Amino acid sequence: MQVWNVLYDPLDFPDSLYRSALPLVDQTAQSKINRFHRREDACRSLIGNLLPRVLLKKRGVVKEAMTFAATETGKPYCTTPGIDPPLAFNVSHDQGVIAMAFGTGDLGPPAFHIGVDVMQLRIPPRTTFTQFVDSVSSQLTAREKNIILAADIPEEEAIRRFYWIWTLKEAYTKALGIGLGFDFKRIEYDVLQEKVTIDGEPARGWQFLKFEVPPSGPKYVGVAAKFMGGRGASISDLSEGCLVCYDAVSFVNRAIEEMG
């Protein structure tokens, strides 16, 4: 698996660039993007739609041949003819980062079992960390709450632990493509033991890769998940060579240059 991250700052992203890039995606995608009331949200959605298209362009696919669909639960997947091996991808965004995990489509076609989630390390304004954890405690196991709320760690580390746990849960459910309503308590990520269990059993067949972005500014953590099959399970840091960060303006300008 690889992960591309696009770092987006609304103050640096001109409206003219948004308008120039919008025609690069198909009409269905444009309609979804245009439904956003806030331009920031529309820009994030546009960049998320451009990511797999730029990847396909790198693989020699012309823009007119690129096609996509979505499952009944809304998970996008590539339907472009002639992609061999098949492409598996998933996109996530939070605040100033839009991330795409991708790799070979192995199991769970047509969308394949791959998922990614990325989140900024922050708590909502006017909320204590304990209140924040309490608000989602029904989705955490007792072990996870003990790890997060340990008295002997600074709050910064507690926040980091929380978001490692939360992004892994999100990435797992996105990989399955099951949408909202999944009980997060069924997944337990012990960040101290680096162990993931599902319904009390080891997460056999799953690969989880952790990453952090960007090198400066507000910090984000993320997890990419993929079902590989077999009896083994692994959780590790994404290798440096598999993690790429782009500036949003440069990324979109390059997309326009290559596909416009």
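Computed from a prediction, not measured in an experiment: that's the story for all the values here. As a basis for the values below, the full set of heavy atoms in this structure was taken, side chains included, without hydrogen atoms, waters or symmetry mates.
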Please test W166 against Y189 for ring-ring contact (aromatic ring centres under 6.0 Å, His included), starting from the C-alpha separation and ending with a verdict. CA-CA 9 Å; W166 197 263; Y189 173 27; over 10 Å; no

Ionic contact status for [Y] with [X], cut-off 4.0 Å:
X: E212; Y: R160; answer: yes
X: K195; Y: D190; answer: no
X: E157; Y: R161; answer: yes

Who pairs with S16 by side chain to side chain contact (heavy atoms under 4.5 Å, CB included), at least two apart in sequence or on another chain?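 Only P14, R19 meet the side chain to side chain contact (heavy atoms under 4.5 Å, CB included) criterion with S16.
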
Non-hydrogen atoms of [X] and [Y] that approach each other most closely:
X: V6; Y: A248; result: CG1-CA, 3.4 Å
X: A99; Y: N5; result: CB-OD1, 3.2 Å
X: R204; Y: F227; result: O-CE1, 3.5 Å
X: P81; Y: A65; result: CD-O, 4.0 Å
X: I33; Y: S45; result: CG1-OG, 3.4 Å
X: G115; Y: A175; result: N-CB, 3.5 Å

Is there a side-chain contact between [X] and [Y] in this structure, where contact means two heavy atoms from C-beta onward sitting under 4.5 Å apart?
X: N90; Y: K75; value: yes
X: Y172; Y: V196; value: no
X: E194; Y: K210; value: yes
X: F89; Y: P76; value: yes

Which other residues end up in the same hydrophobic cluster as L7, if Ile, Leu, Val, Met, Phe, Trp and Tyr are linked when side-chain heavy atoms come under 4.5 Å apart?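 For the cluster that includes L7, the remaining residues are M1, V3, V97, I114, V116, V118, L209, F211, V213, Y220, L238, L243.
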
With hydrophobic residues grouped by side-chain heavy-atom distances under 4.5 Å, do [X] and [Y] end up in a single group?
X: F129; Y: L140; answer: yes
X: I235; Y: M119; answer: yes
X: F112; Y: M100; answer: no
X: L149; Y: V191; answer: yes
X: I147; Y: I153; answer: no

Return the set of residues passing salt bridge (Lys or Arg N to Asp or Glu O under 4.0 Å) with [X] (not counting sequence neighbours), or none when no residue passes.
X: R122; value: none
X: D183; value: none
X: E156; value: none

Looking at [atom1] of [X] and [atom2] of [Y], how far apart are the two atoms once the value is rounded to the nearest 0.5 Å?
X: C43; Y: F36; atom1: SG; atom2: CZ; answer: 11.0 Å
X: L50; Y: L55; atom1: CG; atom2: CG; answer: 12.5 Å
X: W164; Y: E144; atom1: CH2; atom2: CD; answer: 15.0 Å
X: I98; Y: L51; atom1: CD1; atom2: CG; answer: 7.5 Å
X: Y163; Y: I123; atom1: OH; atom2: CD1; answer: 8.0 Å
X: L56; Y: L87; atom1: CG; atom2: CG; answer: 6.0 Å

Enumerate, atom names and distances included, each donor-acceptor pair closer than 3.5 Å involving a side-chain atom of residues 253-260, sequence neighbours excluded.
from, atom 1, to, atom 2, distance (Å)
N253, ND2, V249, O, 3.2
R254, NE, E258, OE2, 3.0

Walk me through whether F162 and V136 qualify under side chain to side chain contact (heavy atoms under 4.5 Å, CB included). CA-CA 11 Å; F162 171 83; V136 294; 3.7 Å; yes

Just jot down the side chain to side chain donor-acceptor pair (under 3.5 Å) partners of [X], sequence neighbours excluded, or say none.
X: D106; result: K226
X: T73; result: T71
X: W206; result: none
X: Q95; result: none

Would the number of heavy atoms belonging to other residues, nucleotides or ligands and lying under 6.0 Å from NZ of K32 be above 12?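 Open.
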
From the options E170, K169, H93, select the one residue that forms a side-chain contact (heavy atoms from CB on, under 4.5 Å) with D117.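 Of all the options given, the one that passes is E170.
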
Name of the residue among L24, V252, L22 meeting side-chain contact (heavy atoms from CB on, under 4.5 Å) with L46: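 Among L24, V252, L22, the one that satisfies the side-chain contact (heavy atoms from CB on, under 4.5 Å) with L46 is L22.
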
Run T141 and E188 through side-chain hydrogen bond (donor to acceptor under 3.5 Å, both in side chains) and show every step you take. CA-CA 6 Å; T141 68; E188 180 176 272; 2.7 Å; yes

Can you list everything that forms a ring-ring contact (aromatic ring centres under 6.0 Å, His included) with Y246? Sequence neighbours excluded, please.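 So Y246 forms a ring-ring contact (aromatic ring centres under 6.0 Å, His included) with W4, F251.
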
Is there a donor-acceptor contact under 3.5 Å from the side chain of [X] to the main chain of [Y]?
X: T127; Y: P125; value: yes
X: Q2; Y: C242; value: no
X: K219; Y: L121; value: no
X: K174; Y: H113; value: no
X: Q30; Y: V25; value: yes

Suppose the criterion is side-chain hydrogen bond (donor to acceptor under 3.5 Å, both in side chains): which pairs have a residue in residues 48-67, not counting sequence neighbours?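 Counting only pairs at least two positions apart or across chains, the side-chain hydrogen bond (donor to acceptor under 3.5 Å, both in side chains) contacts touching residues 48-67 are D26-R53, T67-T79.
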
Looking only at the aromatic ring of each residue, does the gap between the centers of F68 and Y77 stay below 6.0 angstrom?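 Distance test on ring centres: not under 6.0 Å, no.
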
